[in-house]
**Q** 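Structure incoming, see below.
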Amino acid sequence: MATSGTLKAVWAALAGNVLVAAAKFAAAALTGSAAMLSEAVHSLVDTINELLLLYGIARSRRPADREHPLGYARELYFWSFVVALLIFAVGAGVSAYQGIQRLLHPQPIDRPLVIYLVLAASLLFEGGSWFVGARAFRQSKRHLSWWEAFRQSKDPPAFIVVFEDSAALLGLLVAGAGTTAAILTADSRWDGIASLMIAAILAGVAALLAQESKALLIGERADPALSDAVFRIAAAMAGVCNANSIATVHLAPNSVVVYLSLDFFDTMRAPDIERAVVDLERQIRDTHPEVSAVFVKPQSVQVARDRGSDTLMSPDFVLREDVLTGG
């Protein structure tokens with residue numbers, strides 16, 4: 001589930017995009033600027049995207065049921081992927097179309113002062129939204145660089161808001177530059193070139209967001225530090241002879257499923273193993289509340305080694321050789 005900071009950032013982005021989209025459409029109608037119309041469509045797409053992210057967050061909070069025993073947390077990743085597709089198909093597509101049309105059929109720009117006023121107001125609104133989103137994202141990046149934090153983040157709404165607003169700010173600068181060039185040279189084709197540049201910016205952002213959202217939707221492992229911590233807890237449990245392997249997968253930003261292969265002492269009976277598993281799950285959740293489910297497979301070290309990756313079908317299945325060799 002998305003954090004409160006992420007939710008606040010999405011709401012801030014939604015409010016800013018509604019105001020900006022209305023102003024840009026009015027300016028595009030008054031001036032005939034293709035770049036401004038591209039920016040207006042961009043803001044409209046961003047508005048729809050925020051609504052979809054809020055919908056995805058709400059859907060991801062639905063409790064588990066018979067049809068979905070692990071809950072609906074991954075709906076957040078699905079709708080994040082849809083948002084990336086919308087940015088590409090609608091935002092970049094319409095901007096490219098407007099740019100080509102203006103290059104083929106140049107039209108003079110009327111009332112350039114209106115464009116500059118709207119661009120200035122848009123920079124103010126988008127800048128405020130970017131600040132809120134960046135602050136929420138910064139809280140999760142720890143010591144990592146911005147790029148590393150993006151690649152390792154499990155919270156799509158957090159980085160989508162930052163990327164959307166960054167693209168919006170860059171697009172506003174490009175639109176202003178295109179309008180200025182068109183006015184100074186009396187050649188409105190610069191306006192079309194600016195629109196094509198905005199399309200390229202949106203396409204690049206959409207590609208990055210789609211790639212990361214797809215990876216999360218398929219299933220990414222948890223932070224290796226979390227896996228190591230959980231593995232150590234399991235290995236130190238009373239009754240556990242050997243902790244063979246661990247696999248993790250994210251269902252949502254704060255929802256991780258853990259799979260463990262454990263070798264219990266042969267002297268333990270079934271009730272003893274059941275109590276050990278319950279105690280293990282309690283310890284894991286007490287120290288790592290983001291772990292939403294723990295699945296334990298009792299098996300010997302030799303069986304775990306012989307079966308290998310067939311034991312646990314997960315992207316970060318690791319057979320601990322140091323345990324197997326006694327190192």
Side-chain angles (χ1 to χ4, degrees), residues 10 12-53 83-130 133 160-206 209:
V10 175
L14 175 61
N17 284 324
V18 169
L19 295 174
V20 170
K24 287 178 180 177
F25 273 114
L30 290 172
T31 64
S33 169
M36 183 55 64
L37 182 57
S38 296
E39 275 296 298
V41 172
H42 176 191
S43 295
L44 177 61
V45 171
D46 284 351
T47 300
I48 297 173
N49 289 343
E50 314 310 338
L51 291 173
L52 289 177
L53 289 177
V83 163
L85 295 182
L86 278 178
I87 294 175
F88 180 82
V90 181
V94 172
S95 296
Y97 173 79
Q98 290 296 327
I100 293 172
Q101 286 294 105
R102 186 50 50 93
L103 289 176
L104 295 177
H105 309 287
Q107 296 179 7
I109 296 178
D110 299 324
R111 303 176 183 177
L113 180 60
V114 174
I115 294 178
Y116 290 123
L117 289 175
V118 170
L119 288 177
S122 299
L123 281 170
L124 181 63
F125 291 131
E126 295 284 6
S129 174
W130 182 91
I160 285 177
V161 168
V162 174
F163 269 74
E164 276 186 350
D165 289 340
S166 298
L169 291 172
L170 187 56
L172 289 171
L173 296 177
V174 170
T179 299
T180 301
I183 293 171
L184 293 178
T185 63
D187 186 353
S188 63
R189 288 178 296 180
W190 282 106
D191 188 39
I193 293 173
S195 188
L196 289 176
M197 292 178 65
I198 293 171
I201 292 171
L202 293 178
V205 168
L209 296 180

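Each residue takes its place number in the sequence, starting with 1. Predicted model only: the values in this text are computed from it and were never measured.
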**Q** Measure the OG-CD distance between Ser129 and Glu164 for me, rounded to the nearest 0.5 Å.
**A** 8.5 Å
**Q** Measure the OH-CZ distance between Tyr97 and Arg102 for me, rounded to the nearest 0.5 Å.
**A** 11.5 Å
**Q** Could you please spell out the steps behind the side chain to side chain donor-acceptor pair (under 3.5 Å) verdict for Ser43 and Asn17?
**A** CA-CA 6 Å; Ser43 295; Asn17 284 324; 4.8 Å; no
**Q** Going from CG on Asp165 to CG on Leu169, what distance comes out if it is rounded to the nearest 0.5 angstrom?
**A** 6.5 Å
**Q** So, for Leu119 and Gly176, which heavy atoms are closest and what is the spacing to 0.1 Å?
**A** CD1-CA, 3.4 Å
**Q** Verify, without hydrogens or angle tests, whether Thr31 (side chain) and Ile109 (backbone) share a donor-acceptor contact under 3.5 angstrom.
**A** no
**Q** Taking all non-hydrogen atoms of both residues, which atom of Asp191 and which atom of Gly32 are closest, and how far apart?
**A** OD2-O, 4.5 Å
**Q** Calculate, to the nearest 0.5 Å, the distance between atoms CG and CD1 belonging to Asn49 and Ile87 respectively.
**A** 5.0 Å
**Q** Apply salt bridge (Lys or Arg N to Asp or Glu O under 4.0 Å) to Asp110 and list each qualifying residue two or more places apart in sequence or on a separate chain.
**A** none
**Q** So which atom in His42 and which in Ala168 form the shortest heavy-atom distance, rounded to 0.1 Å?
**A** CE1-CA, 3.4 Å
**Q** Answer yes or no: is there a donor N or O on one side and an acceptor on the other, between the side chain of Asp187 and the main chain of Ala182, under 3.5 Å?
**A** no
**Q** Nearest 0.5 Å, please: how far is CH2 in Trp190 from CD1 in Ile183?
**A** 14.0 Å
**Q** Specify the closest pair of heavy atoms between Ala194 and Ala35, including all atoms of both residues, with the distance to one decimal.
**A** CB-CB, 4.1 Å
**Q** Is the side chain of Ser188 donor-acceptor paired with the backbone N or O of Gln107 at a distance under 3.5 Å, no angle test?
**A** yes
**Q** With rounding to the nearest 0.5 angstrom, report the CG to CG distance, Leu170 to Leu202.
**A** 9.5 Å
**Q** Any chance the side chains of Thr180 and Tyr116 put a donor and an acceptor closer than 3.5 Å?
**A** yes
